[in-house]
A.B. asks: 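Structure provided below as structure tokens; questions to follow.
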Protein chains: 2
Amino acid sequence: MTAQEDSLKLDSMLCFAVYAAGHAFTRFYKPRLDALGLTYPQYLVFLVLWEADGLTVKSLGERLFLDSGTITPLIKRLEGRGLVRRERDSEDERQVLVFLTPQGRALREKALAVPLAVRTALAGEREAVDTLRLGLQKLRASLDEQSGR
Amino acid sequence: MTAQEDSLKLDSMLCFAVYAAGHAFTRFYKPRLDALGLTYPQYLVFLVLWEADGLTVKSLGERLFLDSGTITPLIKRLEGRGLVRRERDSEDERQVLVFLTPQGRALREKALAVPLAVRTALAGEREAVDTLRLGLQKLRASLDEQSGR
DNA sequence: TATTTTTCACTTGCACGCAATTGAATTGCG
DNA sequence: CGCAATTCAATTGCGTGCAAGTGAAAAATA
């Protein structure tokens, strides 16, 4: 096997580990978030909003690395359920500010139980976490090695 | 701030780091995969098929942690482009076997360039990789601490 | 053997995720 | 000031991702 072919195998392990980990994480949160009626990305939006209300769609997107094509419909769904309120900024009519409604704020109380529950569920998954950790360690090492030449 | 509220903040860092890393990875691959005309999950399917041809839809899904609702249409799109061939298993008519076509096999030559190109692009992202690594380390530690009691 | 259960691929419906485009508002430049 | 360039949210189109349900085939059980 050539070195190039070998790197294709390495690639398959590395990129796959990160890819799979992202989805696995989502799956772990799902049962807990179902209780809140939120999806994983919606939960992330609330984690941001509970810290700081009245952000623009753009700044929300920047914090979560999501673009308006994803954020806009997501926020509209939350608005439809009465969890957030959208308001055009009178200072700059291009922008839309997102505020929590009382219900959206109230959701935080229920959400407080989520992190512990997820951590408990993850307790049986040490191996998977380690696999990903080691994969990243290898990736990191290979980056150093590569630029070291 | 209560311990519970604090854990909500920790949660926001941890789950977000893994979430964002998955998408960031996808974005890194995108430009190189565009050259092959493949999406990231399609690339993963080929990484598997280049190693072992003629798998069932089910076993493909198991390896990639994707269910048939995702795999089936994905494979059909690849079939439509002449990169794979689907064939019902005569031994067990429930199953569908996926084979590479000559074009699908030929794609591998182009793909050999992908891993190095991605690694080069990632060279400037040591910090991001480290952030994720450290986040996982903390998560791992908190799992030990929790079950240690 | 006849019937129930299980296993598969497939489909539908919904929610992302992102590229590309649109249109309105603002900014910047001559 | 006036016009071009930029910024922003929204929309469209396509490809995942997954839950829930369908129907055919095989396996298990009576």
Side-chain angles (χ1 to χ4, degrees), chain A residues 16 19-31 33-34 36-46 55-81 83-98, chain B residues 15-16 19-31 33-34 36-46 55-81 83-84 86-98:
Chain A
F16 176 63
Y19 173 81
H23 294 306
F25 241 71
T26 305
R27 279 193 287 268
F28 264 103
Y29 276 87
K30 179 147 199 327
L33 294 180
D34 279 348
L36 303 182
L38 296 180
T39 65
Y40 192 76
Q42 286 169 357
Y43 174 63
L44 292 176
V45 165
F46 276 108
L55 294 174
T56 64
V57 169
K58 180 178 175 57
S59 66
L60 256 177
E62 279 170 351
R63 290 186 199 217
L64 301 177
F65 299 109
L66 296 174
D67 87 339
S68 70
T70 301
I71 295 275
T72 296
L74 189 158
I75 298 291
K76 284 188 154 187
R77 276 188 283 274
L78 296 178
E79 185 186 34
R81 291 168 47 195
L83 297 173
V84 305
R85 185 167 51 81
R86 297 186 317 136
E87 190 181 314
R88 212 154 264 282
D89 185 355
S90 57
E91 303 287 308
D92 182 343
E93 296 272 342
R94 289 172 305 183
Q95 302 187 137
V96 168
L97 306 177
V98 182
Chain B
C15 76
F16 176 62
Y19 173 80
H23 295 305
F25 241 71
T26 304
R27 279 192 287 270
F28 265 102
Y29 276 87
K30 179 147 199 328
L33 294 181
D34 279 348
L36 303 182
L38 295 179
T39 65
Y40 192 77
Q42 286 169 356
Y43 174 62
L44 292 177
V45 166
F46 276 108
L55 295 174
T56 64
V57 169
K58 179 177 176 57
S59 66
L60 257 177
E62 279 170 351
R63 289 183 199 220
L64 301 177
F65 299 110
L66 296 174
D67 84 4
S68 70
T70 302
I71 296 274
T72 296
L74 188 158
I75 298 291
K76 284 189 154 188
R77 275 188 283 275
L78 297 178
E79 186 185 33
R81 290 168 50 196
L83 297 175
V84 304
R86 296 187 316 136
E87 188 181 318
R88 210 154 267 281
D89 185 354
S90 58
E91 304 286 309
D92 182 343
E93 296 274 341
R94 289 172 304 182
Q95 302 189 134
V96 168
L97 306 177
V98 182

A.B. asks: Asp34(B) has an atom CG; how far is it from atom P of dC14(D), in whole Å?
C.D. replies: 16 Å
A.B. asks: Using a heavy-atom cut-off of 4.0 Å across all strands, would you classify Ser68(A) as base, sugar-phosphate, or nothing?
C.D. replies: base
A.B. asks: Between Leu66(B) (CG) and dA9(C) (C1'), how many Å, whole number?
C.D. replies: 15 Å
A.B. asks: Given that Phe65(B) and Arg88(A) both sit by DNA chain D, which one's nearest nucleotide is further toward the 5' end?
C.D. replies: Arg88(A)
A.B. asks: If you check every side-chain atom of Gln95(A), which of dC8(D), dC8(C), dT26(C) has the closest atom?
C.D. replies: dC8(D)
A.B. asks: Between dA9(D), dA19(C), dT16(D), spot the one nearest the side chain of Lys30(B), thanks.
C.D. replies: dA19(C)
A.B. asks: When both hydrogen-bonding distances must be under 3.5 Å and the geometry is Watson-Crick or G-U wobble, what is dG30(C) paired with, if anything?
C.D. replies: dC1(D)
A.B. asks: Over all strands shown, is Leu74(B) touching base, sugar-phosphate only, or nothing at heavy-atom distances under 4.0 angstrom?
C.D. replies: sugar-phosphate
A.B. asks: Find which nucleotide of DNA chain C each of Tyr40(A) and Leu97(B) is nearest to by heavy atoms, and output the residue with the more 5' nucleotide.
C.D. replies: Leu97(B)
A.B. asks: It should be established whether Thr72(B) places a side-chain nitrogen or oxygen under 4.0 Å from OP1 or OP2 of nucleotide dA9(C).
C.D. replies: no
A.B. asks: Nearest of dA10(D), dG17(C), dT26(C) to any side-chain atom of Val96(A)?
C.D. replies: dA10(D)
A.B. asks: Name the nucleic acid region contacted by Asp67(A), choosing base, sugar-phosphate or nothing; use a 4.0 angstrom heavy-atom cut-off, strictly under.
C.D. replies: base
A.B. asks: Is there a side-chain contact between Thr70(A) and the phosphate of dG17(C), meaning an N or O under 4.0 Å from OP1 or OP2?
C.D. replies: no
A.B. asks: Side chain of Arg77(B), heavy atoms from C-beta onward: which of dG15(D), dG17(D), dC8(D) has the nearest atom to it?
C.D. replies: dG15(D)
A.B. asks: Where the side chain of Pro41(B) is defined as all heavy atoms beyond and including C-beta, which of dT16(D), dA9(C), dC18(D) is the nearest nucleotide?
C.D. replies: dT16(D)
A.B. asks: With rounding to the nearest 0.5 angstrom, report the CD1 to OG distance, Ile75(B) to Ser68(B).
C.D. replies: 11.5 Å
A.B. asks: Output the rounded distance in Å from CZ (Arg27(B)) to C1' (dC16(C)).
C.D. replies: 13 Å
A.B. asks: With the side chain of Lys76(A) defined as its heavy atoms from C-beta on, choose the nearest nucleotide among dT11(D), dT16(D), dC8(D).
C.D. replies: dT11(D)
A.B. asks: If you check the Glu93(A) side chain, which of dA25(C), dT11(D), dT11(C) turns out closest?
C.D. replies: dA25(C)
A.B. asks: When rounded to the nearest 0.5 angstrom, what distance separates OG1 in Thr72(B) from NZ in Lys76(B)?
C.D. replies: 7.5 Å
A.B. asks: Please work out which residues in residues 19-26 of chain A have a non-hydrogen atom less than 4.0 Å from an atom of DNA chain D and list them by number.
C.D. replies: Tyr19(A), His23(A)
A.B. asks: Counting just side-chain N and O atoms, does Arg94(B) come under 4.0 Å of either OP1 or OP2 of dT22(D)?
C.D. replies: no
A.B. asks: Could you state the CD1-P distance from Ile75(B) to dG17(D), rounded to the nearest angstrom?
C.D. replies: 13 Å
